[in-house]
Amino acid sequence: MPHPMNHFPILDGFTPLEPLPRLAEHLGMKSLWIKRDDLTGLMFGGNKLRKLEYLIGDALSKGCDLVITGGSPQSNHARLTAAVANKAGMETWLCFAGRHMGMRQGNLLLNHIMGATMFTTGVYGSNNLYQAMKEKAAEAEKEGKKPYTIPVGGSTPIGDYGYLRAWKELEEQREMKQIPPFDEIYVAAGSGGTIAGLLAGIHLYPQKTNLMGISVWESKETLYQEIQDFTSQLLSWLGHDQAVSMDALQLFDQFIGKKYGVPSEAGNEAIRLLARLEGIMVDPVYTGKALSGLIDRARKGLLKDKHVLFWHTGGTPAVFTHASSLSQDEA
């Protein structure tokens, strides 16, 4: 069984697991908790640091001195990859979708401050971006560098393993706090790797919990297939080749709004509600939309008897990128 012990430690202990009593009361819910993976340490934190502990560990074990990854110009994954690479003493090249980076603010500003090299690729989509990264890796090799390429979102078995570990962390935390298992866990779904890691965790350490994935860009059919593939790849890499049960997963694609990366009214309302009742910030691209899905289901009375967890996956620098949308007065 392969052992991903090429580990570059970033997280110091567990991320907080906290109740949200005022939001729960406002929504008429019996029990609502939040898992604070926005508090994972480096460069404003976020879920990708759990993946990068193992991805950068793997890169260092192979003697690499350059990390190449990418995404949208405001990618949280890109920002956190640059941060971890800096901590590990590696160079970072970031390959962005499209032809224009946009204003240097939010994550782009942070990448610039960290000294990452940034390119626009003129292409869109995870597979096309990965091809562009591989071309950059070939250029880097000609320059005598040793590149390590990470797909969009860090969704590889090595990266997703970080979220299988996160599932074990949640279970340990729950038991220490003597909290019963959660009926439903709400998670923003982008590339799907975070949910795949959690699903693998449920597969190996079973619990009567439903993962509620709120898509922020893809149709639920596409996302379902990707999560199934990622979960199978992770379990197979760990030496578990039995078929993956997807019974614990429910996906929703009606909370995307206009499109990926564009704030939605419901998402912005969710951001304000959590900030005003609990003093916690979610972002308009991922976690705000995921929270809007939870709120919608609570208002329909579907959660009043449920013990619910919202898994905060980070992304908060996007709040500043979308200041104009968020500073409009509510209707």
Side-chain angles (χ1 to χ4, degrees), residues 10-12 14-18 20 22-23 32-53 69 71-84 86-87 94 102-114 116 153-154 162-163 166 186-191 193-194 214 216-217 255-257 260-295 309-328:
I10 301 160
L11 277 74
D12 181 20
F14 294 174
T15 59
L17 176 63
E18 305 169 346
L20 298 175
R22 283 169 49 78
L23 183 59
L32 178 59
W33 292 70
I34 187 168
K35 177 74 168 147
R36 299 288 307 275
D37 275 7
D38 57 318
L39 299 179
T40 43
L42 288 185
M43 201 52 63
F44 294 92
N47 63 326
K48 304 302 183 187
L49 288 176
R50 289 191 185 271
K51 299 179 175 187
L52 287 160
E53 286 194 314
T69 195
S72 71
Q74 285 293 339
S75 161
N76 296 308
H77 163 69
R79 176 238 317 163
L80 289 171
T81 301
V84 181
N86 282 3
K87 190 172 170 64
L94 301 174
M103 281 183 69
R104 191 180 278 173
Q105 59 185 7
N107 286 327
L108 270 176
L109 175 62
L110 298 174
N111 295 337
H112 173 71
I113 290 167
M114 287 189 282
Y163 263 86
Y186 285 77
V187 192
S191 62
T194 294
I214 310 291
V216 299
W217 64 348
F255 303 105
I256 296 169
Y260 173 68
V262 176
S264 67
E265 275 182 42
N268 285 359
E269 188 223 348
I271 290 169
R272 287 189 198 100
L273 198 56
L274 184 65
R276 291 173 186 184
L277 291 174
E278 301 283 1
I280 295 171
M281 185 57 72
V282 282
D283 84 282
V285 178
Y286 290 91
T287 45
K289 290 181 180 181
L291 186 60
S292 78
L294 184 157
I295 290 168
L309 175 68
F310 180 74
W311 201 304
H312 190 335
T313 50
T316 40
V319 167
F320 305 104
T321 312
H322 294 286
S324 59
S325 168
L326 285 161
S327 56
Q328 288 165 9

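For the numbers below, each heavy atom of this structure counts, side chains included, while hydrogens, waters and symmetry mates do not.
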- [ ] Run the numbers on Phe255 and Val216 for side chain to side chain contact (heavy atoms under 4.5 Å, CB included), then give the verdict.
- [x] CA-CA 7 Å; Phe255 303 105; Val216 299; over 6 Å; no

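- Of the residues Ile10, Leu11, Leu52, the one that meets the side-chain contact (heavy atoms from CB on, under 4.5 Å) test with Thr40 is Leu11.
- Taking the side chain as every heavy atom from C-beta outward, Ile214 and Tyr186 approach each other to under 4.5 Å.
- Counting heavy atoms from C-beta outward, Met103 and Thr321 have side chains that stay 4.5 Å or more apart.
- To the nearest 0.5 Å, atoms CH2 (Trp311) and OG1 (Thr287) are separated by 14.5 Å.
- A distance of 7.0 Å separates CZ of Phe14 from NZ of Lys35, quoted to the nearest 0.5 Å.
- Summarising the geometry, atom OG1 belonging to Thr194 is positioned 5.0 Å from atom OH belonging to Tyr163; distances are rounded to the nearest 0.5 Å.
- Remark: the Asn107 side chain and the Ser75 side chain contain no N/O donor-acceptor pair separated by less than 3.5 Å.
- Here Trp217 contributes atom CH2 and Ser72 contributes atom OG; the two are 8.0 Å apart, rounded to the nearest 0.5 Å.
- When only modelled atom types and interatomic distance are considered, Thr81 and Lys48 share no side-chain donor-acceptor pair under 3.5 Å.
- In this structure Gln105 satisfies the side chain to side chain donor-acceptor pair (under 3.5 Å) test with no other residue, sequence neighbours excluded.
- Within the model, atoms CZ of Arg272 and CE of Met281 stand 10.5 Å from one another, a figure rounded to the nearest 0.5 Å.
- A side-chain donor-acceptor contact under 3.5 Å links Arg50 and Thr15.
- In summary, the side chains of His112 and Arg104 do present a donor paired with an acceptor at a separation below 3.5 Å, with no hydrogens or angles considered.
- Between the side chains of Thr316 and Asp38, no donor-acceptor pair is found at a separation under 3.5 Å.
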